[in-house]
2 protein chains.
Amino acid sequence: MRIGELAERAGTTTRTLRYYETLGLLPARRAGNGYRAYDEDDLRLLRQIQTLRDFGFGLEETRPFVECLRAGHPAGDSCPASLAVYRRKLAELDECIAHLNGVRQQVGAQLAEAERAMAALEATATAPGGPGPRCELGPHDPHDGDEATGRRAG
Amino acid sequence: MRIGELAERAGTTTRTLRYYETLGLLPARRAGNGYRAYDEDDLRLLRQIQTLRDFGFGLEETRPFVECLRAGHPAGDSCPASLAVYRRKLAELDECIAHLNGVRQQVGAQLAEAERAMAALEATATAPGGPGPRCELGPHDPHDGDEATGRRAG
DNA sequence: GTAGACCTTGACGCCGACGTCAATGCCAGG
DNA sequence: CCTGGCATTGACGTCGGCGTCAAGGTCTAC
Ligand SMILES: [Zn+2]
Ligand SMILES: [Zn+2]
Ligand SMILES: [Zn+2]
Ligand SMILES: [Zn+2]
């Protein structure tokens, strides 16, 4: 199997496969003409890498799994090194999730408070004895309502 | 206040402040000698940026807040544009958290399964009629047990 | 023999938020 | 006058995981 076919079968690109090779993750034998030659085992290695990357693993973190597979073990996670990566990743995930939950709380609170303040301003604005409008809340001048575009620096 | 003092008071670096200026986030007046001149308002703007960045906002996402503050509004989130960013961020956070939870589940399951398989191997290895040891699970040769180092590619 | 599809290596681009020089300017103290 | 500490602009480096050419070699089909 040559690089194009492997890429296609794995749903990736040749560039990616060559990149993995430079990392030593997926070395390839060479045919007489210099073309890279892969087999079904390489496809399995590649699938292992893809699975882990889908989990958010960095390429370096997939190395123990790949080397384990290349050692002929039944699965990529048959070795302690792979399990260690799993555990480290779980810890990272927990930490990250906890962090995000905290942030979510805070941002949610900020939004709620800001909405409350905004509603209060609207109320006083439409109230019978409405005081001076210190800020017009409709379509705004200095801010542009489009959040997609926003560059002024040159 | 010059750039060094502002950086120190905000707990950041001069490089960061100059970078923000190139983005138009934190423009500075200039003294006669060309030095950047900041005041307490700039410090407040900067603190707003830092708060949002601590939440994981990108710099561009802080722009509506900063512009709102510079418009003289009571808070950075007194404008609809800022609220829109809040809501977008909340959605992103929810999506990300859900994703991470899913990944966590899967990785946890993988780990559990791998540990089970490993224990099974250990058991058969130490069992009375233990068959041929197809893999020694102790300190390993082809894999290196250190997860911190791991580079072979040149 | 020649088009065209495949392959090779090499090298630069990208994204975000800066870090890290380098060369030079401004100003106060001894 | 000189030293030293601050300032200026400019430009390149970093990290990860590739994308995107560019210039050429190889093989197959017609
Ligand atoms: Zn193994
Ligand atoms: Zn307003
Ligand atoms: Zn505003
Ligand atoms: Zn083993």
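Worth knowing before you read on, the calculation uses all heavy atoms, side chains too, and leaves out hydrogens, waters and symmetry mates.
- Not a single donor-acceptor pair, N or O on each side, falls under 3.5 Å between the base of C:dG19 and the side chain of B:Tyr19.
- Of all nucleotides listed (D:dC6, C:dT9, C:dG19), C:dT9 comes nearest to the side chain of A:Arg18.
- One can place CG of A:Leu17 at 15 Å from C1' of C:dC6, the figure rounded to the nearest angstrom.
- One can place CG of A:Leu26 at 15 Å from C1' of D:dG17, the figure rounded to the nearest angstrom.
- Place B:Arg30 and A:Phe57 on DNA chain D by their nearest nucleotides, and B:Arg30 ends up nearer the 5' end.
- Dashed line: the shortest gap from a side-chain N or O of B:Thr13 to OP1 or OP2 of C:dG19 is under 4.0 Å.
- Separating the CD atom of A:Glu8 from the P atom of C:dA5 is a distance of 15 Å, rounded to the nearest angstrom.
- Remark: C1' of C:dC7 and CZ of A:Arg29 are 17 Å apart, rounded to the nearest angstrom.
- Closest-nucleotide positions on DNA chain C for B:Tyr20 and A:Asn33 were compared, and the one nearer the 5' end corresponds to A:Asn33.
- Using a 4.0 Å cut-off between charged nitrogen and carboxylate oxygen, A:Arg18 and A:Glu21 do not count as a salt-bridge pair.
- Taking both residues in full, the closest heavy atoms of A:Ala37 and A:Ala28 are given as O-CB, 4.2 Å, listed atom of the first, atom of the second, then distance.
- Contact annotation: A:Thr14 side-chain N/O to C:dC7 OP1/OP2 distance is not under 4.0 Å.
- For the pair B:Arg53 and B:Tyr35, both in contact range of DNA chain C, the more 5′-proximal nearest nucleotide belongs to B:Arg53.
- The side chain of B:Arg15 sits closest to C:dC18 out of D:dG19, D:dA7, C:dC18.
- Ion pair A:Arg2/A:Glu8 not flagged as a salt bridge, since none of the NZ, NE, NH1 or NH2 atoms sits closer than 4.0 Å to an Asp/Glu carboxylate oxygen.
- The salt bridge (Lys or Arg N to Asp or Glu O under 4.0 Å) contacts involving residues 70-84 of chain B comprise nothing, where partners must be two or more places apart or lie in separate chains.
- Contacts classified as ring-ring contact (aromatic ring centres under 6.0 Å, His included) and involving residues 16-65 of chain B (residues at least two apart or in different chains) are given here: B:Phe65-B:Tyr86.
- Distance, B:Arg36 CZ to C:dC26 P: 15 Å, rounded to whole Å.
- A straight line from CG of A:Leu59 to P of D:dC15 spans 15 Å, rounded to a whole angstrom.
- Whole-Å rounding puts the A:Glu60 CD to D:dG16 P distance at 8 Å.
- Set against D:dT26, D:dC6, C:dA17, the side chain of B:Arg2 has D:dC6 as its closest nucleotide.
- Taking atom CD1 of residue B:Ile3 and atom P of nucleotide C:dG25, one finds them 19 Å apart after rounding to whole Å.
- Neither OP1 nor OP2 of C:dA17 sits under 4.0 Å from any side-chain N or O of B:Thr16.
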